[in-house]
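Comments concern the structure below.
Here the structure is a predicted model, which is why all the values come from computation and not from measurement.
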Amino acid sequence: MMRAWILPMLLVLSGSAVATGQISNGNPGTAAALLLALLALAGVNSPLIFPRSIGAQEAQHRSAVDGRPVVFWRPGCKYCIRLRIRLGRSARQVHWVNIWRDPAGAAAVRAANDGNETVPTVVVAGRAHTNPDPEWVREQRSPSA
């Protein structure tokens with residue numbers, strides 16, 4: 001889990017260093033813009049944005065038990081971020097699999113998308129749906145979710 005924080009922390013630290021340099025050079029506007037951009041990148045890559053990922057096999061097992069969708073995603077994917085943000089609090093009611101951390105998850109996505117690692121890929125009741133509408137995903141949560 002600690003490795004998930006390395007990139008966001010580096011982005012925040014480098015953004016702070018660059019902003020400090022720009023301020024000392026008399027460019028506070030540039031400093032603010034660069035710092036905001038790097039903070040946004042850190043946020044997008046932060047493990048806080050997505051609920052804790054589990055392995056594909058565990059997600060598929062849990063989904064079979066509770067009927068909740070499985071979302072295959074990867075860090076930095078704007079469509080995955082869009083899905084996560086639009087799901088809001090209900091994002092915790094689906095199973096998330098980071099395909100960059102789970103080879104079985106990446107293989108499942110390739111199998112569902114003609115060899116491509118296209119994400120988000122959402123599996124509901126054993127059927128894969130590539131980049132579905134977030135409202136549709138919200139509706140697929142089981143009544144017990």
How long is the straight-line distance from [atom2] of [Y] back to [atom1] of [X], given to the nearest 0.5 Å?
| X | Y | atom1 | atom2 | value |
| --- | --- | --- | --- | --- |
| L35 | T30 | CG | OG1 | 12.0 Å |
| C80 | I99 | SG | CD1 | 7.5 Å |
| R62 | Q60 | CZ | CD | 12.5 Å |
| L83 | D133 | CG | CG | 9.0 Å |
| D102 | F72 | CG | CZ | 8.0 Å |

Heavy-atom closest contact ([X] atom, [Y] atom, distance):
| X | Y | answer |
| --- | --- | --- |
| S63 | V70 | CB-CG2, 3.6 Å |
| Q93 | R68 | O-CD, 3.1 Å |
| G15 | L38 | CA-CD1, 3.2 Å |
| V122 | P69 | CG1-CB, 3.9 Å |
| R74 | N98 | CA-OD1, 4.0 Å |
| I23 | P28 | CG1-CA, 4.3 Å |

Side-chain donor or acceptor of [X] paired with backbone N/O of [Y] under 3.5 Å:
| X | Y | answer |
| --- | --- | --- |
| R84 | G88 | yes |
| T20 | S16 | yes |
| W96 | A91 | yes |

Contacts of H129 that satisfy ring pair (Phe, Tyr, Trp, His ring centres under 6.0 Å) - sequence neighbours left out: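 H129: ring pair (Phe, Tyr, Trp, His ring centres under 6.0 Å) contacts with W136.
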
Contacts of R86 that satisfy side-chain hydrogen bond (donor to acceptor under 3.5 Å, both in side chains) - sequence neighbours left out: none

N116: side-chain hydrogen bond (donor to acceptor under 3.5 Å, both in side chains) partners, not counting sequence neighbours: none

Same apolar cluster (I L V M F W Y, side chains within < 4.5 Å links), V123/V94: no

Of P132, P120, S90, the residue whose pairing with V137 passes side chain to side chain contact (heavy atoms under 4.5 Å, CB included):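 Among the candidates, only P132 passes.
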
CA sep, side-chain torsions, deciding dist, call: T121, N113, side-chain hydrogen bond (donor to acceptor under 3.5 Å, both in side chains): CA-CA 9 Å; T121 296; N113 293 295; 3.0 Å; yes

